[in-house]
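Presented below is the structure to which this report refers.
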Protein chains: 2
Amino acid sequence: MTKEQERAHASLPCEKCPLRKRDLFRDFEQGELDFIGRFKKGDLAVKKGATVLVEGAHNPHLYTVLSGWGFRYKLLEDGRRQIVNYVMPGDLVGLQGNLLGEMKHSVEALSSMVLCVFEKAELFSLYREFPELAYDITWIASREECMLDDNLLTVGRRTALEKVAYLLMFILERSRQCGLIGNGTVSLTQQHVADTLGLSLVHTNKTIARLAERGFLKWEDGGCRILNPEALAELADWTAEKVAKRPFL
Amino acid sequence: MTKEQERAHASLPCEKCPLRKRDLFRDFEQGELDFIGRFKKGDLAVKKGATVLVEGAHNPHLYTVLSGWGFRYKLLEDGRRQIVNYVMPGDLVGLQGNLLGEMKHSVEALSSMVLCVFEKAELFSLYREFPELAYDITWIASREECMLDDNLLTVGRRTALEKVAYLLMFILERSRQCGLIGNGTVSLTQQHVADTLGLSLVHTNKTIARLAERGFLKWEDGGCRILNPEALAELADWTAEKVAKRPFL
DNA sequence: CGTTGAATTGAGGTCACTCAATCGCAGTGG
DNA sequence: CCACTGCGATTGAGTGACCTCAATTCAACG
């Protein structure tokens with residue numbers, strides 16, 4: 001996605017939001033669109049590598065990802081990092097952690113991103129006026145929990161080989177769903193993979209090499225090309241969810 | 001908590017719910033109580049070791065834990081188990097995973113438990129009629145996500161010693177908050193600890209022994225007595241949350 | 001062309017794993 | 001009363017997965 005396209009997004013009203021055209025997302029009533037339009041306070045455009053949210057900070061905003069992607073992570077005092085999940089178009093960011101109070105995690109952009117900005121303080125008026133949208137938010141939170149459960153299973157109980165296979169399929173499928181990529185390519189660094197899976201960088205590299213040897217994938221500068229998704233899925237005991245229409249804000 | 005007390009719970013109307021008396025939980029309006037009373041379809045009492053929910057099943061219900069505690073877990077094909085979180089009084093169970101559709105995890109009782117039963121199908125009417133309660137549900141989901149993030153950090157990036165210290169403090173504090181225990185004792189099996197932290201049973205045992213040597217805790221048949229919570233907290237880089245009043249259903 | 005960030009490789013160490021045996025204790029049934 | 005059983009905790013031995021440290025390559029960039 002080019003810089004120009006992002007700027008185009010940023011200036012569009014919600015009714016024309018490019019996400020709404022996608023089959024993946026549910027249709028909205030005019031009243032809902034009007035409300036979301038008022039609820040939306042602006043756009044936030046950030047560059048690749050920028051920090052969108054910082055752990056420990058008080059942030060009055062809530063965001064929906066419009067374009068690009070990033071990751072949520074937490075740090076230990078001595079710098080050890082755990083990536084907790086990835087955020088992609090249509091995802092709600094900032095809901096995790098006490099609704100009010102300080103952020104419990106940070107968010108960093110993996111590509112340039114545009115986010116839709118909302119005020120947490122006005123969230124309750126949404127609940128009062130549009131129960132359907134409130135229900136949607138619960139649906140979204142529920143889905144996030146589901147992903148976290150899966151990630152926990154992966155980090156806790158799968159082997160290194162299974163972990164990498166799982167993560168790549170997880171990201172590939174999610175990004176395909178929300179239209180982030182067309183080809184079978186995932187752009188991230190091996191350090192990200194390591195920090196997601198609780199592995200060291202070196203061991204991650206060797207594990208990826210083993211998968212490449214088998215011809216399941218190919219690592220090419222700053223990204224990964226999936227050559228045999230079926231084999232990876234089998235290795236990881238992973239099956240694609242069939243996607244119903246999803247809500248978003 | 002004795003069997004008799006549980007039976008007493010089960011027959012009480014929501015207004016008299018013993019949880020509502022606790023300082024921990026927020027006060028409710030009469031209208032809210034009436035609604036919850038209608039929303040509630042009955043009680044579910046299970047014995048220690050019983051399976052409350054099964055992964056893969058379609059379950060039309062949603063539960064609030066009234067007494068006792070248990071754990072949520074997921075399995076891999078070959079039987080490897082990952083405990084994902086613990087459920088305690090006031091927690092909402094069954095929200096995780098697609099609101100409709102099959103369960104993505106199982107729940108097992110660690111003690112005898114009583115749960116309040118609701119119908120998922122009626123959840124939307126709650127959103128329509130009581131936005132405050134709907135907001136509460138989001139708050140609860142948000143808190144769960146927060147715990148999952150923390151657990152992921154623990155499993156992914158902490159050492160075995162830190163992991164055990166963290167888990168024990170996590171459970172101790174949560175159960176103290178909701179009044180599960182008075183003394184500094186946590187009743188679970190080392191296998192549970194292992195399956196929560198992504199460790200083997202043997203290594204978990206040796207790690208616990210190391211903590212016991214240092215005088216931080218003492219393992220006594222089917223449970224653990226915390227002797228030095230400060231030392232454990234420091235080891236785990238863990239700090240107690242100060243608890244504001246919490247909602248629940 | 002020097003610098004920087006990511007990927008790769010090798011060596012050596014250790015943390016955590018598996019396998020296997022043992023022990024204590026609480027039932028349970030003869 | 002005592003063998004038998006099952007479950008959880010404990011221990012030892014040996015192994016392998018994963019780690020750290022350190023060096024090297026490679027591509028991109030100013």
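For the salt bridge (Lys or Arg N to Asp or Glu O under 4.0 Å) condition, no pair includes a residue of residues 205-217 of chain B, sequence neighbours left out. Evaluation of the ring pair (Phe, Tyr, Trp, His ring centres under 6.0 Å) test over residues 195-221 of chain A, restricted to residues two or more places apart or in two chains, returns none.
Listed by chain and residue number, nothing satisfies the salt bridge (Lys or Arg N to Asp or Glu O under 4.0 Å) test with B:K48 (two or more places apart in sequence, or in another chain). In this structure, A:R158 has no salt bridge (Lys or Arg N to Asp or Glu O under 4.0 Å) partners at least two apart in sequence or on a different chain. Listed by chain and residue number, nothing satisfies the salt bridge (Lys or Arg N to Asp or Glu O under 4.0 Å) test with A:R22 (two or more places apart in sequence, or in another chain). Residues that satisfy the side-chain contact (heavy atoms from CB on, under 4.5 Å) test with B:D221, not counting sequence neighbours, are absent from this structure. For B:F248, the ring-ring contact (aromatic ring centres under 6.0 Å, His included) test picks out B:F25, B:F28, with sequence neighbours left out. Applying the salt bridge (Lys or Arg N to Asp or Glu O under 4.0 Å) criterion to A:E230, with sequence neighbours excluded, gives no partner residue. Every residue two or more places apart in sequence or in another chain that forms a side-chain contact (heavy atoms from CB on, under 4.5 Å) with B:E77 is listed here: A:D237.
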- Going 5' to 3' through nucleotides 13-29 of chain D and flagging B where a protein heavy-atom sits under 4.0 Å of the base, S where only the sugar-phosphate is that close, and - otherwise, we get B----BSBB--------
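Near DNA chain C, meaning a heavy atom under 4.0 Å away, there are no residues from residues 75-83 of chain A.
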Sub-3.5 Å pairs of nitrogen or oxygen atoms, protein against nucleotides 1-6 of chain C:
unit_1 : atom_1 : unit_2 : atom_2 : d
C:dA6  : O3'    : A:T189 : OG1    : 3.4

